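Below is one structure, written out as structure tokens; comments come after it.
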There are 2 protein chains.
Amino acid sequence: MHTVPDLRAHGGADAFLRNCASRAVLDLLTNKWVCLVVGALRPGTMRFGELRRRLDGVTQKMLTQTLRDLERAGLVHRAVYPSVPPRVEYSLTPLGQNVAGLMDAIRVWSEEHIDDIRTAQEAYDTKAGEELQPV
Amino acid sequence: MHTVPDLRAHGGADAFLRNCASRAVLDLLTNKWVCLVVGALRPGTMRFGELRRRLDGVTQKMLTQTLRDLERAGLVHRAVYPSVPPRVEYSLTPLGQNVAGLMDAIRVWSEEHIDDIRTAQEAYDTKAGEELQPV
DNA sequence: CGGTATCCAACAGGATACTG
DNA sequence: CAGTATCCTGTTGGATACCG
């Protein structure tokens, strides 16, 4: 009763705390494939095969798993049309659209700052090697 | 010559492509601990021990590794004061501050949408169980 | 086409012990 | 205090095969 654990602006949620539910949400969002799937769906509905081709390097398993996680979290809607061959379309829910701006921003930031990062990494690696042989 | 691979606003970088360097940057940023470390450092400099206490549940190993990755990428500055006992202070570089708003936004979004996510997940799990026993 | 199931290698990441 | 080193386990994630 003596230590109310640091209530915040929103209902007491704090992702810095290990057992706070928001930590799990953060864990869901901070994922490469989640970011790319949401980014890909932002312009509109896509089929499974379209997504697989768009997300270069994704395996069927990872794409399925990512889409299930997002569907379960209510960020993505899955529509099945029982035609032959089967047709499955994925789209963002309102909640998914709500976070899509953020996901897109991260991807765009990554694309825009490649050179900054690479330059810094090369400098770091060079310096690490040099201080072993000062002369 | 017929298919220039979709140049974008910035210099042709496209995180949807497997071998694009921006994919690696995206991989660095989409990480729970990265998000929390950058968020923790946003208000100002912190010592290693302070960070460890702030990021509830982080192990020494993961925190060290995360800080090294961020330092190497040029997002975090590491200052060592050779006193006894040693004092090491971490702070955001300008580049780190540049991305910190984004990282913070993700964490805050996670904290603000816990209920939406949990409600959706419970509905999903309930529905999955029901369709095995319709009657 | 859009999955599911299975196997397996690799790596992430936790616990512990030790060091300048 | 701020690490590094080592060990070990669990999960990630790739490859492959099969199904409705």
Side-chain angles (χ1 to χ4, degrees), chain A residues 15-19 23-24 26-37 40-41 45-72 76-91 124 127-128 131-132, chain B residues 17-19 23-24 26-37 40-41 45-73 76-91 124 127-129 131-132:
Chain A
F16 284 104
L17 298 178
R18 190 200 322 229
N19 293 323
R23 176 71 73 87
L26 186 65
D27 226 355
L28 172 72
L29 295 182
T30 53
N31 174 297
K32 176 179 53 179
W33 297 127
V34 164
C35 185
L36 290 173
V37 164
L41 289 178
T45 297
M46 292 187 80
R47 298 183 58 176
F48 185 88
E50 291 176 320
L51 281 169
R52 183 167 45 174
R53 283 185 294 275
R54 185 80 213 280
L55 274 62
D56 187 28
V58 75
T59 61
Q60 195 173 38
K61 178 181 172 181
M62 287 313 300
L63 182 54
T64 299
Q65 183 178 303
T66 303
L67 286 167
R68 285 296 170 284
D69 288 344
L70 290 175
E71 186 193 1
R72 179 167 179 268
V76 159
H77 175 68
R78 178 171 180 263
V80 182
Y81 303 95
S83 53
V84 178
R87 181 180 184 86
V88 181
E89 292 189 344
Y90 292 92
S91 58
Y124 183 94
K127 195 166 57 176
E131 55 195 38
L132 294 175
Chain B
L17 299 178
R18 190 200 322 228
N19 292 323
R23 175 72 73 87
L26 185 65
D27 226 353
L28 171 71
L29 295 182
T30 54
N31 175 298
K32 177 179 53 178
W33 297 127
V34 164
C35 186
L36 291 174
V37 164
L41 289 179
T45 297
M46 291 186 81
R47 298 183 58 175
F48 184 87
E50 291 176 322
L51 281 169
R52 183 168 45 174
R53 283 187 292 276
R54 186 79 213 281
L55 274 61
D56 188 28
V58 74
T59 61
Q60 196 172 38
K61 178 181 172 181
M62 287 313 300
L63 182 55
T64 299
Q65 183 177 304
T66 302
L67 286 167
R68 286 296 170 284
D69 288 345
L70 290 175
E71 186 193 1
R72 179 168 178 267
V76 159
H77 174 68
R78 179 169 179 265
V80 183
Y81 302 94
S83 52
V84 178
R87 181 182 185 85
V88 180
E89 291 188 346
Y90 292 92
S91 57
Y124 182 94
K127 196 166 56 179
E131 58 195 34
L132 295 174

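The chains referred to below are lettered A, B, ... by the order of the sequence lines, with proteins before strands, and numbering in each begins at 1. It should be emphasised that the depicted structure is a prediction, and the values quoted were computed from it without experimental measurement.
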Quiz item: With respect to the phosphate group of C:dG2, does any side-chain polar atom (N or O) of A:Arg78 fall under 4.0 Å of OP1 or OP2?
Solution: no
Quiz item: Quick one: is D:dG3 close enough that its OP1 or OP2 comes under 4.0 Å of any side-chain N or O from B:Arg68?
Solution: yes
Quiz item: Can any side-chain N or O of A:Arg54 pair as donor or acceptor with the backbone N or O of A:Met46 at less than 3.5 Å?
Solution: no
Practice problem: Determine yes or no for a side-chain-to-main-chain donor-acceptor pair under 3.5 angstrom, with A:Asp56 supplying the side chain and B:Arg18 the backbone. | Solution: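 The answer is yes, because a donor-acceptor pair under 3.5 Å joins these two groups.
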Quiz item: Quick one: on DNA chain D, does A:Pro86 or A:Gln65 contact a more 5' nucleotide (nearest heavy atom)?
Solution: A:Gln65
Quiz item: Which atom names give the shortest non-hydrogen contact between A:Leu67 and A:Phe48, and what distance separates them?
Solution: CD1-CD1, 3.8 Å
Exercise. Could you pull out the closest heavy-atom pair between B:Val34 and B:Asn31, with the gap in Å?
Key: N-OD1, 3.0 Å
Practice problem: Could you tell me whether A:Arg47 contacts a base, only the sugar-phosphate backbone, or nothing, with contacts defined as non-hydrogen atoms closer than 4.0 Å? | Solution: sugar-phosphate
Quiz item: Is B:Tyr90 touching bases, backbone alone, or none of the nucleic acid, heavy atoms closer than 4.0 Å?
Solution: sugar-phosphate
Rounded distance (Å) that lies between atom [atom2] of [N] and atom [atom1] of [X]:
X: B:Glu71; N: D:dA2; atom1: CD; atom2: P; result: 15 Å
X: B:Asn31; N: C:dA12; atom1: CG; atom2: P; result: 10 Å
X: B:Trp33; N: C:dG13; atom1: CH2; atom2: P; result: 9 Å
X: B:Leu28; N: C:dA12; atom1: CG; atom2: C1'; result: 15 Å
X: A:Arg52; N: C:dT4; atom1: CZ; atom2: C1'; result: 13 Å

Of the listed nucleotides [options], the one nearest the side chain of [X]:
X: A:Thr59; options: D:dA15, C:dT4, D:dT4; result: D:dA15
X: B:Lys61; options: C:dG2, D:dC7, C:dC7; result: D:dC7
X: A:Thr64; options: D:dA2, C:dG3, D:dA15; result: C:dG3
X: A:Pro85; options: C:dG3, D:dT4, C:dC1; result: C:dC1

Self-check item: Qualifying residue for side chain to side chain contact (heavy atoms under 4.5 Å, CB included) with B:Thr66, from B:Val58, B:Val37, B:Leu28, B:Leu36
Solution: B:Val37
